[in-house]
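Heads up: numbering here begins at 1 and tracks the sequence. No hydrogens, no waters, no symmetry mates; every other heavy atom, side chains included, goes into these values.
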Amino acid sequence: MATPPQPQPQPRPQQGAGPYNPYTAPVPPQSGPPGPGYAAPQPYGAYGTHPEPGRYGCRLCGAWPAAHATVRGHQGMIVLMRFLSLRGPFCRDCGLATYRRMSSDTLWQGWWGPLSLFITPVTLLMNLGPRAAFRRLAPPAGGHRPAFDPGRPLWRRPPALLLMVPVLLVLLAVPALVLLGMLVGDTKLTTGQCVRNEGSWTEQDLRVESCASPRAEFRVTGPPCAAGDYIADPEYGPQEFTTLCLTRLGRAQGAATAPGTPPSTD
């Protein structure tokens with residue numbers, strides 16, 4: 001009996017010819033440097049490992065040195081309020097940028113509530129501690145991305161300038177009001193003026209009036225005082241210790257006297 005013919009092996013197609021066949025022989029690995037689109041992973045910083053074992057870099061950029069600190073903010077919403085915080089570690093630049101941004105927002109968002117009026121200044125004072133810690137750090141290095149730009153100092157930002165305007169007005173208003181009160185409330189009498197007494201004779205309240213006015217009661221005269229004259233309180237004297245005399249102006253018999261006028265001794 002004749003043996004049937006054996007099938008002849010078919011030649012295997014070359015890689016890349018015809019449609020893709022997952023069972024074809026794999027392409028051997030290429031030797032040599034990687035292509036231009038490939039970038040090998042970079043080590044941490046210039047040393048390959050963190051220079052302070054057991055510690056982490058900045059949470060925002062990965063750079064070191066970094067300080068463990070918490071920056072806080074506050075928002076007042078009339079009845080409600082929000083307490084904000086961002087925990088480190090932060091490098092110097094990212095920490096200052098976070099401090100300035102959150103403090104600047106607190107300056108104009110934190111006052112809108114009865115309790116927030118007291119919480120906002122406390123929050124701003126608490127941020128001074130992290131700010132001092134960030135400023136003591138060396139420039140950041142070895143991060144996986146550039147550090148944040150700290151930007152302008154807090155006192156040069158618009159919210160701080162808007163807050164400084166009313167504060168300066170209040171600081172200037174206090175001495176201005178005191179000076180105005182001294183000028184308006186401190187009445188110094190001179191001889192020849194006419195006054196009326198709005199108070200009692202133990203608590204005098206002398207007001208200057210025109211001598212032609214029917215409200216005028218006394219004429220200011222200098223010492224020595226004549227019989228029947230009244231003595232003005234020393235505070236109305238030029239040096240607050242000079243005694244002035246008050247001579248009653250002539251009145252028609254039976255005319256009514258103003259309140260506070262002492263009884264006549266004529």
Side-chain angles (χ1 to χ4, degrees), residues 74 76 78 103-104 106-125 128 153-266:
H74 183 74
I78 308 301
S103 297
S104 177
T106 302
L107 280 174
W108 71 274
Q109 295 176 356
W111 306 96
W112 309 106
L115 294 179
S116 296
L117 290 174
F118 304 96
I119 298 175
T120 295
V122 174
T123 302
L124 295 174
L125 291 176
L128 295 180
L154 181 61
W155 63 272
R156 293 178 53 191
R157 302 194 176 202
L161 296 178
L162 292 176
L163 180 65
M164 290 175 63
V165 171
V167 171
L168 291 177
L169 291 178
V170 171
L171 294 178
L172 294 177
V174 172
L177 292 176
V178 173
L179 180 60
L180 183 62
M182 295 175 60
L183 295 177
V184 174
D186 191 9
T187 303
K188 299 298 182 181
L189 301 179
T190 58
T191 56
Q193 289 181 318
C194 294
V195 298
R196 76 178 190 277
N197 184 18
E198 293 288 344
S200 64
W201 286 103
T202 55
E203 297 291 338
Q204 297 179 11
D205 185 11
L206 301 179
R207 307 293 179 88
V208 178
E209 295 284 350
S210 171
C211 291
S213 171
R215 294 173 56 84
E217 299 174 336
F218 305 94
R219 183 185 299 275
V220 180
T221 59
C225 298
D229 286 352
Y230 298 91
I231 300 176
D233 194 293
E235 67 174 312
Y236 294 100
Q239 289 82 29
E240 294 189 357
F241 58 84
T242 304
T243 301
L244 296 176
C245 306
L246 301 177
T247 303
R248 177 181 292 278
L249 295 174
R251 289 288 183 270
Q253 188 174 1
T257 57
T261 302
S264 176
T265 59
D266 295 343

Asks: Looking at T191 and G222, what are the two nearest heavy atoms and their distance?
Replies: CG2-N, 3.5 Å
Asks: A160 and W155: which non-hydrogen atoms are nearest, and at how many Å?
Replies: CB-CA, 3.9 Å
Asks: Are E198 and R215 close enough for a salt bridge, meaning some N to O gap below 4.0 Å?
Replies: yes
Asks: Determine whether more than 12 heavy atoms belonging to other residues, nucleotides or ligands lie under 6.0 Å from atom CD1 of I231.
Replies: no
Asks: Testing L246, N197, L249 one by one against E217 for a side-chain contact (heavy atoms from CB on, under 4.5 Å), which residue passes?
Replies: N197
Asks: To the closest 0.5 Å, what do you measure between OG (S210) and CD (Q193)?
Replies: 11.0 Å
Asks: Drop me the distance from L115's CG to T120's OG1, to the nearest 0.5 angstrom.
Replies: 10.5 Å
Asks: Answer yes or no: is there a side-chain heavy-atom contact under 4.5 Å between T247 and F218?
Replies: no
Asks: Tell me if a side-chain donor or acceptor on S103 pairs with a main-chain N or O of L124 at a distance below 3.5 Å.
Replies: no
Asks: Is a side-chain N or O of S116 found less than 3.5 angstrom from the main chain of W112, in a donor-acceptor match?
Replies: no
Asks: Please state whether the rings of Y230 and W201 are parallel, tilted or perpendicular, taking 30° and 60° as the class boundaries.
Replies: parallel
Asks: Partners of Q109 by side-chain hydrogen bond (donor to acceptor under 3.5 Å, both in side chains), sequence neighbours excluded?
Replies: Q75
Asks: Could you tell me whether W108 atom CH2 has more than 12 heavy atoms of other residues or ligands within 6.0 Å of it?
Replies: no
Asks: With a 4.5 Å cut-off on side-chain heavy atoms, are L206 and V220 touching?
Replies: no
Asks: To the nearest 0.5 Å, what is the distance between CG on L107 and OG1 on T123?
Replies: 10.5 Å
Asks: Got a donor-acceptor contact below 3.5 angstrom from the S200 side chain to the E203 backbone?
Replies: yes
